[in-house]
S.K.: 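For reference, the structure I am asking about is given below.
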Amino acid sequence: MSTRTFRITVRGVFDGLDADQRAELLRHAAEHDVLRAAFTPEGHLSYDLAARSAFTFRFSDSGNEEEDILEATERAEAAAKAWLGERGYGYKNLRSSAEDLSQAPLGKRQKRAAVQGKA
């Protein structure tokens, strides 16, 4: 049985931030720039408050069965809510999407490598 790798994206919008919270987020904005975004087990947060109040958490997780993606998504949502809650950041419109990389279509290079590996 092979391990499946999942990528989970949790999106939302900051809501009701006070001036101190907004200043705190702006102070740490460079750490959360979308250009540094990565899927990590602990989750990576990206946002650009200067442009809009939306944020994205990116999580990586794994499981043995296709159905494990549901639990992985629940864990990711809980982790995002916990991170926001610990800091007192209000949010709304939280939604998640998940991808099982074992089911993702191969890119051209991957297909070529797979074909060459069979030859």
Side-chain angles (χ1 to χ4, degrees):
M1 181 181 301
S2 63
T3 301
R4 295 169 178 263
T5 301
F6 308 128
R7 285 185 172 176
I8 303 106
T9 304
V10 181
R11 291 183 170 87
V13 178
F14 291 113
D15 186 44
L17 297 177
D18 63 30
D20 290 339
Q21 291 171 321
R22 193 167 189 69
E24 178 75 14
L25 286 168
L26 289 171
R27 227 180 354 268
H28 294 284
E31 300 167 32
H32 301 286
D33 188 277
V34 70
L35 296 176
R36 303 178 98 194
F39 286 90
T40 64
E42 60 279 350
H44 182 269
L45 171 64
S46 61
Y47 57 84
D48 182 359
L49 280 183
R52 59 190 182 138
S53 59
F55 60 81
T56 302
F57 282 93
R58 291 172 178 82
F59 293 90
S60 64
D61 205 335
S62 60
N64 294 319
E65 304 293 330
E66 188 174 343
E67 297 79 26
D68 293 341
I69 198 167
L70 299 174
E71 290 178 16
T73 302
E74 289 175 6
R75 284 190 297 271
E77 286 181 11
K81 288 177 183 178
W83 191 94
L84 293 161
E86 288 167 7
R87 289 154 182 82
Y89 297 150
Y91 61 90
K92 61 182 180 181
N93 303 333
L94 205 63
R95 60 200 183 285
S96 301
S97 60
E99 179 182 24
D100 180 345
L101 295 184
S102 70
Q103 303 296 316
L106 295 177
K108 288 181 182 179
R109 289 183 185 156
Q110 292 171 311
K111 286 180 187 175
R112 189 170 31 245
V115 170
Q116 289 172 350
K118 290 181 183 178

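In what follows, residues are counted from 1 in the order of the sequence shown.
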S.K.: How far apart are the C-alpha atoms of F59 and T73, what are their side-chain angles, what is the distance that settles it, and do they pass the side-chain contact (heavy atoms from CB on, under 4.5 Å) test?
M.R.: CA-CA 9 Å; F59 293 90; T73 302; over 6 Å; no
S.K.: Under 3.5 Å, is there a donor-acceptor pair between the side chain of R7 and the main chain of T5?
M.R.: no
S.K.: Could you tell me whether a side-chain N or O of E77 sits under 3.5 Å from a main-chain N or O of E74, the two making a donor and an acceptor?
M.R.: no
S.K.: Just do the salt bridge (Lys or Arg N to Asp or Glu O under 4.0 Å) check on R4 and D68 with the steps written out, would you?
M.R.: CA-CA 9 Å; R4 295 169 178 263; D68 293 341; over 6 Å; no
S.K.: Look at the aromatic rings of H32 and W83 and report parallel, tilted or perpendicular, splitting at 30° and 60°.
M.R.: perpendicular
S.K.: For R36 and E31, work out which heavy atoms get closest and say how close.
M.R.: NH1-CA, 3.5 Å
S.K.: Are L17 and L26 linked, directly or through intermediate hydrophobic residues, by side-chain heavy-atom contacts shorter than 4.5 Å (ILVMFWY only)?
M.R.: yes
S.K.: Could you tell me which non-hydrogen atom of R11 sits nearest to which non-hydrogen atom of S97, and how far apart they are?
M.R.: NH1-OG, 3.9 Å
S.K.: Measuring from D100:CG to E66:CD, what's the distance to the nearest 0.5 Å?
M.R.: 6.5 Å
S.K.: Any idea which heavy atoms bring F6 and E65 closest together, and the distance?
M.R.: CZ-O, 3.8 Å
S.K.: With sequence neighbours excluded, tell me which residues meet side chain to side chain donor-acceptor pair (under 3.5 Å) with S60.
M.R.: none
S.K.: Quick check on the hydrophobic clustering: are I69 and L101 connected, directly or via other members, by side-chain heavy-atom contacts under 4.5 Å?
M.R.: no
S.K.: Could you check L94, L45, T56 and say which one makes a side-chain contact (heavy atoms from CB on, under 4.5 Å) with V10?
M.R.: L94
S.K.: Where do L25 and Y47 come nearest, in terms of heavy atoms and distance?
M.R.: O-OH, 2.6 Å
S.K.: Are Y89 and Y91 in one and the same hydrophobic cluster, where Ile, Leu, Val, Met, Phe, Trp and Tyr link if side-chain heavy atoms are under 4.5 Å apart?
M.R.: yes
S.K.: Might you point out which heavy atoms bring S46 and R58 nearest each other, and give the distance in Å?
M.R.: OG-NH1, 2.8 Å
S.K.: Please report the interatomic distance CD(E24) to CG(D20), rounded to the nearest 0.5 Å.
M.R.: 9.0 Å
S.K.: Does CZ belonging to R27 count more than 12 external heavy atoms closer than 6.0 Å?
M.R.: yes
S.K.: Which label fits F55 and F57: parallel for a plane angle under 30°, tilted from 30 to 60°, or perpendicular past 60°?
M.R.: perpendicular
